[in-house]
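I have placed the structure first, in the form of structure tokens, so that the comments after it can refer back to it.
Keep in mind it's a predicted model, so treat the numbers as computed, not measured.
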Amino acid sequence: MQLVEQYMRLCAGRPNETIGHPLDISLAEVASILFCTLRNATLTLKKMQSQGWVVWHPGRGRGNRSVLTCLLLPEDLIMSVAKELVQKGEIRAARDMIDEYGGNLPVLGEKFSRWMNSQFGHRVKREKGSKGRVDTLRLFYSRPFAGLDPIHILLRSESHMVKQLFDSLVQFDPVTRRIEPAIAFYWESSEEGKQWTFYLRKGVLFHHGRPLVADDVRFSFLRLMEHSYKHRWLAASIESITVKDEYVITISLHMPDELFLQALSKEYMAIVPADYVLEMGEQFAQMPVGTGPFRVVRNDDSMLVLEAFMPYFGGRPFLDRIEIWCVPGMAAEAQAADESLLSVTALDDHRETSFLAWSDVGRLEDCFQYVSMNGAKNGPLSHREFRSLVVAIICGQNLRQELQGTREYAVIWGKTDSFQEQRKVPGSQEFVRIFKESGYQGEALSLYTYPDSDHIEDAQWIQKTCKAYGIAIEIRYASPEELASPSLLQEADFVVDSANVDERAELSLREFLHAGALSISHHLDPHGKEEIAYWMNRLSCARTAQDRQACVDSIMHTLAACNTFVPLYSNRVEMLAHPRLSGVSLDAYGWIDFRRIFVRE
């Protein structure tokens, strides 16, 4: 914004002059301040005057001075321009402007953050013509949604968006914990459970207008199996996929798998349009097309915009538009404006009285934060007693008490007392023996994690705590994509990460242990891998809930004995919802399902 910079120079060039006070000045002096020619100075002043920033009266004749009046304080001008940029949807440009000038104008960032907060929530716009009432829900998030390809997503925020844009062959109801129809309205399996036939709904449309057919289902599954090391574990039991006709498809398995239908319901196995994916290539992740209740109309580093998909086979959502603005670092302060019906915030006992009528929506995430230790890598961590020593040192209870925040006790796949109990740290003589037998000589062990605030705090706490016992840790930060790399995970000594857990508990455990993008599958020692593989095979064949829980308990017992990971905590997510906002609930990942939200008058 060159014009803004030039106005700032004018104000800085005459620091003792009052805003709004006429100033005698020659055109040559203006040109000198702006470092430009007389002609460009004249054009610049005309532009500023047309914007309402200055009043310029050029002097006429020899000896007559010109008069310049600057009308806006620098911070007011920048705020005004930043607001205009935001209203145009150029949020990144507005953020950059605030960051550029915020160093010299300390109140600017606070003012901008406060104004931005007032822009979020539910908005109703009444338009003439066929559109009528348009309901928009506007939220903010800390980073752009650069990748929304189901087979490549990593973050829970991305998973949530994919659920709004795509459908799977079947869906899992978290309330009844049953598999329900989705794109497939009916299915049947052979007696031994190795062959499954699915019958697809007719008339299901992709967002680009083409009807979904069985070839799209086959293409989607083969694409995941061939191109996604992150989520290939979901299709590990699939042997072959046969298209019978446009609306019937058969999937054959290597062996019966009681979790197969649950695997098909995962968002990573969403159905994509073969023609559009091949046409778009890598750009598909930026502007994806699915069959879901919302479609993407914009996705860049300023915002993600979703619109209701009118022909959605599952029923059109009430909301017409979802706008998620990318605003890194902005505090999630709830605002009491009438039009702002929803705000994600950390609740406390000192909330404003204007919020007392609002309802609290909160829950403890099923997901949990953990640190894993690489028992498969040559070095001290390959020694089980050394890992056991680190487990005793890194205690989730101590971390939660010291760091506090939203960190709470994590419940992990049922009976996990062996993980939660605080182990006794051995005496100095035991330390010497274990260090000697494991070959540890004080070298720095690498700990990888994301550069997010909670991960940073966790990693620094682990580093400080281990240092007190003579174990040196070097913290290394990596992007989510980098931290999902098998080569990095195999190289890392420690990884601080978060486990994706939802109501499909047994399937979530399978993901935790087998996903190529998570550390545990790379960090288990050979004996632990063998034991886990045995119990996971038993779990796949277990037909009753009691048998499945027995397998889960055995797996957790094995993991505890391996000393491979330490659960740290689960986060509590809380939200304020306006009394008129209905259908608001938080899923296992701490997000709200946009398709269920509606507004009462």
Side-chain angles (χ1 to χ4, degrees), residues 145-174 179-185 187 196 198 200-201 204-208 210-236 238 241 249 251 259-280 282-296 299 304 306 309 311-314 317 322 500 502 504 507-508 511 515 517 587-589 591 593-595:
F145 287 89
L148 293 175
D149 186 334
I151 70 168
H152 295 311
I153 56 175
L154 284 169
L155 303 176
R156 293 197 290 270
S157 55
E158 296 169 346
S159 294
H160 177 75
M161 293 305 158
V162 161
K163 291 176 185 177
Q164 313 304 308
L165 303 174
F166 296 88
D167 291 291
S168 301
L169 207 55
V170 296
Q171 62 185 354
F172 179 81
D173 187 324
I179 295 294
E180 304 287 349
I183 287 173
F185 68 91
W187 55 88
W196 293 77
F198 297 87
L200 312 184
R201 298 178 192 269
V204 174
L205 294 179
F206 287 110
H207 299 153
H208 68 322
R210 180 175 66 76
L212 180 149
V213 293
D215 282 327
D216 295 305
V217 178
R218 184 175 186 274
F219 172 84
S220 300
F221 292 170
L222 291 179
R223 181 170 176 261
L224 177 139
M225 294 163 69
E226 295 168 3
H227 301 292
S228 178
Y229 73 87
K230 302 168 186 173
H231 309 304
R232 190 178 292 137
W233 61 274
L234 277 165
I238 295 179
I241 305 170
I249 190 167
I251 301 176
L259 299 180
F260 175 61
L261 286 178
Q262 287 193 23
L264 292 183
S265 73
K266 283 290 285 186
E267 56 273 17
Y268 313 133
M269 298 196 78
I271 309 306
V272 300
D275 57 337
Y276 183 82
V277 170
L278 295 174
E279 176 189 344
M280 294 295 289
E282 293 183 359
Q283 293 301 310
F284 176 73
Q286 188 78 17
M287 291 297 293
V289 159
T291 62
F294 292 93
R295 64 187 184 95
V296 176
N299 187 19
L304 170 66
L306 314 180
F309 186 45
Y312 181 54
F313 70 89
I322 309 288
N500 296 329
D502 62 18
R504 291 164 290 197
L507 189 72
S508 296
E511 177 176 5
D587 65 14
Y589 289 179
W591 282 79
D593 189 346
F594 299 143
R595 80 185 78 185

[X] [atom1] to [Y] [atom2] distance, which is reported to the nearest 0.5 Å:
X    : Y    : atom1 : atom2 : answer
D502 : K266 : CG    : NZ    : 5.0 Å
F221 : M269 : CZ    : CE    : 4.5 Å
Q262 : S508 : CD    : OG    : 8.5 Å
T291 : I183 : OG1   : CD1   : 4.0 Å

Find out whether [X] and [Y] are in side-chain contact, i.e. whether some heavy atom of one side chain is under 4.5 Å from a heavy atom of the other.
X    : Y    : value
L278 : F219 : yes
I271 : D167 : no
P288 : V296 : yes
L200 : L169 : yes
F594 : P317 : no

[X]: what forms a ring-ring contact (aromatic ring centres under 6.0 Å, His included) with it, not counting sequence neighbours?
X    : result
F206 : H208
F309 : H207
F260 : W196

**Item:** Residue pair F185, V204: steps toward the side-chain contact (heavy atoms from CB on, under 4.5 Å) verdict
**Value:** CA-CA 11 Å; F185 68 91; V204 174; over 6 Å; no
**Test applied, side-chain hydrogen bond (donor to acceptor under 3.5 Å, both in side chains); reference residue, Y268; option that passes from H231, K230, E511, R232** = E511
**Asked** Can you tell me if CD on E180 sees more than 12 non-hydrogen neighbours from other groups inside 6.0 Å?
**Response** yes
Tell me which donor-acceptor pairs under 3.5 Å the side chains of residues 146-156 have, and how far apart each pair is, sequence neighbours excluded?
{"unit_1": "D149", "atom_1": "OD1", "unit_2": "I151", "atom_2": "N", "d": "3.3"}
{"unit_1": "D149", "atom_1": "OD1", "unit_2": "R223", "atom_2": "NH1", "d": "3.2"}
{"unit_1": "D149", "atom_1": "OD1", "unit_2": "R223", "atom_2": "NH2", "d": "3.3"}
{"unit_1": "D149", "atom_1": "OD2", "unit_2": "R223", "atom_2": "NH2", "d": "2.3"}
{"unit_1": "R156", "atom_1": "NH1", "unit_2": "S498", "atom_2": "OG", "d": "2.7"}

**Complete:** Across all chains, not counting sequence neighbours, the salt bridge (Lys or Arg N to Asp or Glu O under 4.0 Å) partners of R595 are D593
**Item:** Residues in salt bridge (Lys or Arg N to Asp or Glu O under 4.0 Å) contact with D216, at least two apart in sequence or another chain
**Value:** R210
**Message:** The test is side-chain contact (heavy atoms from CB on, under 4.5 Å); show your working for L264 and F198 and say whether it passes.
**Reply:** CA-CA 11 Å; L264 292 183; F198 297 87; 3.4 Å; yes
**From CA spacing to verdict: side-chain contact (heavy atoms from CB on, under 4.5 Å), L507, F172** = CA-CA 12 Å; L507 189 72; F172 179 81; over 6 Å; no
For the side chain of [X] and the backbone of [Y], is there at least one donor-acceptor N/O pair under 3.5 Å apart?
X    : Y    : result
E267 : H160 : no
N299 : Q286 : yes
Q171 : P181 : yes
R201 : A182 : yes

Over all heavy atoms of both residues, which pair between [X] and [Y] is shortest? Give the atoms and the distance, please.
X    : Y    : result
F166 : V289 : CE2-O, 3.3 Å
S168 : S265 : OG-O, 3.6 Å
V170 : L261 : CG2-O, 3.5 Å

**Request:** Go through L165 and L306 one step at a time and tell me if the side-chain contact (heavy atoms from CB on, under 4.5 Å) criterion holds.
**Result:** CA-CA 9 Å; L165 303 174; L306 314 180; 3.8 Å; yes
